[in-house]
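Heavy atoms only: backbone and side chains are in, while hydrogens, waters and symmetry mates are out. First the proteins, then the strands, lettered A, B, ... as listed; each starts at 1. Predicted model, so just to flag it, every value in this text is computed and none were measured.
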Amino acid sequence: MVSLTTPYVSGFLAFREVPFLVELVQQLRKKEPSLMPQVLLVDGNGVLHHQGFGLACHLGVLTELPCIGVAKKLLQVDGLENNALHKEKIRLLLAGGDTFPLMGSSGTVLGMALKSHDHSTKPLYVSVGHKISLEVAVRLTHRCCRFRVPEPVRQADIRSREHIRRTLGRPGSPAAGQG
DNA sequence: GCGACAG
DNA sequence: ATCTTGTCGC
């Protein structure tokens, strides 16, 4: 359990969350190195970011592990907008695994919108964090999707909320910020 | 009031 | 993030 003190500011998510994530990886490296994952999926963006360096980039560099950014909403940077044209492109995604590139005004592909399964309305926004290609990042993310959100991220979400629900409801428990 | 808004 | 409303599938 950790207590977050840094406020959430869009564009600065890494400064709020990355110290705790790095600590978890280092604890695992020390105590159960055989369980060290070959790649991390992060609830947030990689290079799809105002400064081209989101949470998934920070975590990848600090842990030296391959890292994928998986966001549930489009971060509107470098001219990318969740506008009518974008929504039309989403509508044209037909089957799970379908994608379209997220091309910024600078001409760089910052990530891919991915329909994560056949009946999902909203896409995932996949971007490179560290030591992985966008193509592999998208394929791996898709293969982790039993539901819309990839299972590693989904389970982290479900289990952390369950832990908070258990913890917060009992006497003498510190309140916890949640990110 | 309006736009923007990773979590 | 959190909250609300509505729909669908089990």
In whole angstrom, what separates [X]'s [atom1] from [N]'s [atom2]?
| X | N | atom1 | atom2 | result |
| --- | --- | --- | --- | --- |
| A/Leu13 | B/dA4 | CG | P | 21 Å |
| A/Asp118 | C/dG9 | CG | C1' | 16 Å |
| A/Leu75 | B/dG7 | CG | P | 9 Å |
| A/Gln51 | B/dA6 | CD | P | 14 Å |
| A/His58 | B/dG7 | NE2 | P | 16 Å |
| A/His50 | B/dG7 | NE2 | P | 13 Å |
| A/Leu74 | B/dC5 | CG | P | 8 Å |
| A/Tyr125 | B/dC5 | OH | P | 12 Å |

Describe the nucleic acid contact of [X] in one word from base, sugar-phosphate, nothing, applying a heavy-atom distance below 4.0 Å.
| X | answer |
| --- | --- |
| A/Phe12 | base |
| A/Asp43 | sugar-phosphate |
| A/Gly11 | base |
| A/Leu55 | base |

Practice task
Return the nearest nucleotide to the side chain of A/Glu81; candidates are B/dC5, B/dG7, B/dA4.
Solution key: B/dA4
Exercise for the section: State whether the number of non-hydrogen atoms from other residues, nucleotides or ligands found under 6.0 Å of A/Gln38 atom CD is greater than 12. Expected result: no
Practice task
Look at atom CD of A/Glu64 and say whether more than 12 heavy atoms of other residues, nucleotides or ligands are closer to it than 6.0 Å.
Solution key: no
Establish, with yes or no, whether the OP1 or OP2 oxygen of [N] is under 4.0 angstrom from a side-chain nitrogen or oxygen of [X].
| X | N | result |
| --- | --- | --- |
| A/Tyr8 | B/dA6 | yes |
| A/Arg161 | B/dG7 | no |
| A/Lys72 | B/dG7 | yes |

For atom [atom1], what is the distance between [N] and [M], given to the nearest Å?
| N | M | atom1 | value |
| --- | --- | --- | --- |
| C/dT2 | B/dC5 | C1' | 13 Å |
| C/dT7 | B/dG1 | P | 30 Å |
| B/dC2 | C/dC3 | P | 26 Å |

Handout entry: A/Cys144 side, atom SG; A/Leu41 side, atom CG - distance, nearest 0.5 Å
Key = 5.5 Å
Exercise for the section: Could you tell me whether A/Tyr125 and A/His86 have their ring centroids closer than 6.0 angstrom? Expected result: yes
Practice task
Give a yes or no on whether a salt bridge exists between A/Arg91 and A/Glu88, defined as a side-chain N under 4.0 angstrom from a carboxylate O.
Solution key: yes
